[in-house]
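Below is one structure; the comments refer to it alone.
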Amino acid sequence: MADIIKLLPDHVANQIAAGEVVQRPASVVKELLENAIDAGADLIKLIVKDGGKTLIQVVDNGVGMSGTDARLSFERHATSKISCAEDLFNLETKGFRGEALASIAAIAHVDMQTRTENSEVGSHIKIEGSKIVSQEVVASPKGTSISVKNLFFNIPARRNFLKSNQVELRHITDEFHRVALVHPQIEFHFYNNGSEIFNLPISKLRQRIAHVFGSRMKDRLVPVGEETEVVKISGFVCKPEFAKKSRGEQFFFANNRFIKSPYLHHAVVAAFEGLIKSDTYPGYFLYLEVDPASIDINIHPTKTEVKFDDENTLYAILRSTIKHSLGQFNVAPILDFEHDPNMDTPYAYKEKAAVIPQVSVDPSFNPFQQTDNKSVGRTVYHKTDVKGWENLYESLKISLDTNDFSSVEIESETGVQGTFYADDTDETPAAVTFQLRRKYVVSTIKSGMLVINQNRAHERVLFEKFLGEITVKEGVSQQLLFPLELPFSHQERVILKEIKESLSNVGFMFETLDEETVKVTGVPLSIVESGIGTVLDRLISDYKEGFDSNGISQAELLAKTLAKNLAVKTGEVLDQESQMALVNDLFACKEPSLSPFQKITYTIISEGDIEKKLN
Ligand code: ADP
Ligand code: MG
């Protein structure tokens with residue numbers, strides 16, 4: 001057989017490597033920003049158009065490159081940053097693989113202008129799909145400007161795979177944050193489609209964080225600091241009361257590089273133990289400095305995964321350092337654990353006119369009087385405990401609006417048909433509900449027992465309600481007597497703006513006051529005032545995360561998010577009326593059997609099942 005192995009031509013190899021390095025516009029942004037920082041710049045501009053699909057440009061005032069270097073920089077494994085394997089364990093720079101520019105040039109139109117301090121003229125290189133199209137001498141400022149246009153122009157599959165401009169911009173912003181947060185000594189400007197969205201002057205770290213995330217951050221930060229032989233820790237954690245339901249403001253940097261470390265994250269969470277509720281996450285900006293020899297970042301080309309030599313020690317130090325800071329700043333004891341503003345939202349039936357439960361007691365009613373001949377002679381359990389029985393029967397006779405109820409046909413996943421109590425008209429209406437472990441609402445139906453998961457059921461109800469309101473714009477808004485002014489970061493305000501119309505359809509009325517503040521003037525009926533901030537916060541972060549899910553409309557996503565955040569939770573007590581209303585509303589839904597998150601909302605335990613069990 002003839003030899004069949006061939007070496008791949010460079011441009012093919014580059015394209016393959018590019019797949020690793022460049023997943024989306026944000027990856028290009030990261031590489032270019034890092035190069036600018038490695039070049040010693042103290043002023044960096046990032047310019048993007050259309051979520052980076054049309055243009056990503058980074059302009060720096062760093063050391064620049066000579067004409068030869070400029071050309072060489074696009075070769076694979078061309079780097080000025082390491083020269084031997086040992087250097088790998090002594091990295092002081094962000095880049096070291098020498099792959100980024102080669103990869104980017106393989107899949108985009110790249111235009112670079114660069115000049116070093118000592119040379120009179122600069123060079124201008126154009127490369128398209130790894131081929132140098134032109135190189136000429138030009139007059140240019142000191143430093144480097146690289147434009148990357150038409151990303152993935154030669155890999156249509158990749159290009160099609162990109163998300164909407166908004167989503168790509170969000171990824172770019174995340175990368176920008178990660179870089180900007182480690183280099184407060186560098187001035188950054190970030191322009192999107194011609195308008196400046198970040199202007200970060202040289203400042204101290206605390207200021208930088210506030211510039212990035214909004215000035216409300218300033219009062220939330222508790223400084224953290226510790227220096228040991230193994231590690232130097234600095235930065236901030238957010239006060240426990242600002243812990244959020246969603247992740248977002250959690251940053252670890254190791255030797256000035258953004259890293260992800262579930263293990264160290266755990267250490268932080270452990271330090272907050274007892275101070276925050278278990279389903280919330282503390283915010284933090286933590287900077288670790290370790291001996292470069294003790295850290296291996298060479299695990300993945302995107303370089304956010306790292307390996308520390310002595311992780312256990314690091315964990316212990318980190319945890320105790322944060323604990324100490326929290327204690328020192330006396331942020332511990334003021335918390336009220338029992339109180340979650342969200343829990344203030346009862347299963348809201350404020351839309352409906354309040355019905356005063358009418359209790360009509362039939363004085364001649366005797367619960368033990370048998371009208372049914374078949375059951376004569378049946379033993380009655382605890383005959384003496386009449387009080388309890390009385391209560392039970394009284395609650396049964398509370399006149400409830402069971403009209404919609406009586407006719408509802410339901411079908412369980414097991415195919416069992418059930419009908420809400422509509423039989424035997426001579427009986428007391430027997431649609432009883434009760435709550436089980438503050439998680440389920442149980443109700444009797446003709447063919448057995450209906451068990452509803454209260455949280456999922458309410459999510460379904462709210463989802464359909466909000467979806468309807470968003471589409472037909474009929475949500476009712478309750479005007480706030482005193483409009484609330486809430487601070488939001490730039491990115492949060494961008495998101496709020498995106499979803500403003502849909503939000504106003506469901507009753508959220510707000511306007512942007514200034515650079516930082518949003519004024520809320522009206523909210524949906526189902527929200528209590530104290531929970532507005534939390535709900536909006538969660539809405540924004542859920543929306544931000546959810547936007548990545550493909551093929552789902554804004555209306556649907558928003559309805560889901562609202563439903564998730566406003567639905568009654570497991571653990572909440574529902575009064576009798578709310579239980580009934582929930583059952584009613586659930587079966588008035590178009591798709592009662594599944595929550596908007598595709599979880600089963602109810603199950604039916606048929607009489608047959610029960611009989612089998614009791615046999
Ligand atoms: P790496 O950063 O891993 O070395 P890159 O492909 O990102 O690899 O860059 C290749 C080389 O090009 C760098 O080592 C550096 O010498 C040079 N270079 C890239 N960007 C810049 C810049 N903005 N300013 C000066 N030199 C740069
Ligand atoms: Mg680089």
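Remember, it's 1-based here, ligands and their atoms both numbered in the order they're listed. Nothing fancy with the numbering, it's 1 onward along the sequence.
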Glu128 with Lys131: basic N within carboxylate O range, under 4.0 Å:
no

Min over Thr116, Asn35, Val58 of heavy-atom distance to atom 7 (O) of ligand 1 lands on Asn35

Does Ala100, backbone or side chain, put an N or O under 3.5 Å from an N or O of ligand 1?
yes

Side chain to side chain donor-acceptor pair (under 3.5 Å) partners of Tyr287, counting only residues at least two apart
none

Ligand 1 contact on Leu101 by region, counting heavy-atom pairs under 4.0 Å:
both

Pairs touching residues 134-157 that satisfy salt bridge (charged side-chain N to carboxylate O under 4.0 Å, His left out), sequence neighbours left out:
none

Spell out, as yes or no, whether a donor-acceptor pair under 3.5 Å connects the side chain of Glu492 to the backbone of Ser489.
yes

I'd like to know if Glu31 contacts ligand 1, where contact means a heavy-atom distance under 4.0 Å to any ligand atom.
no

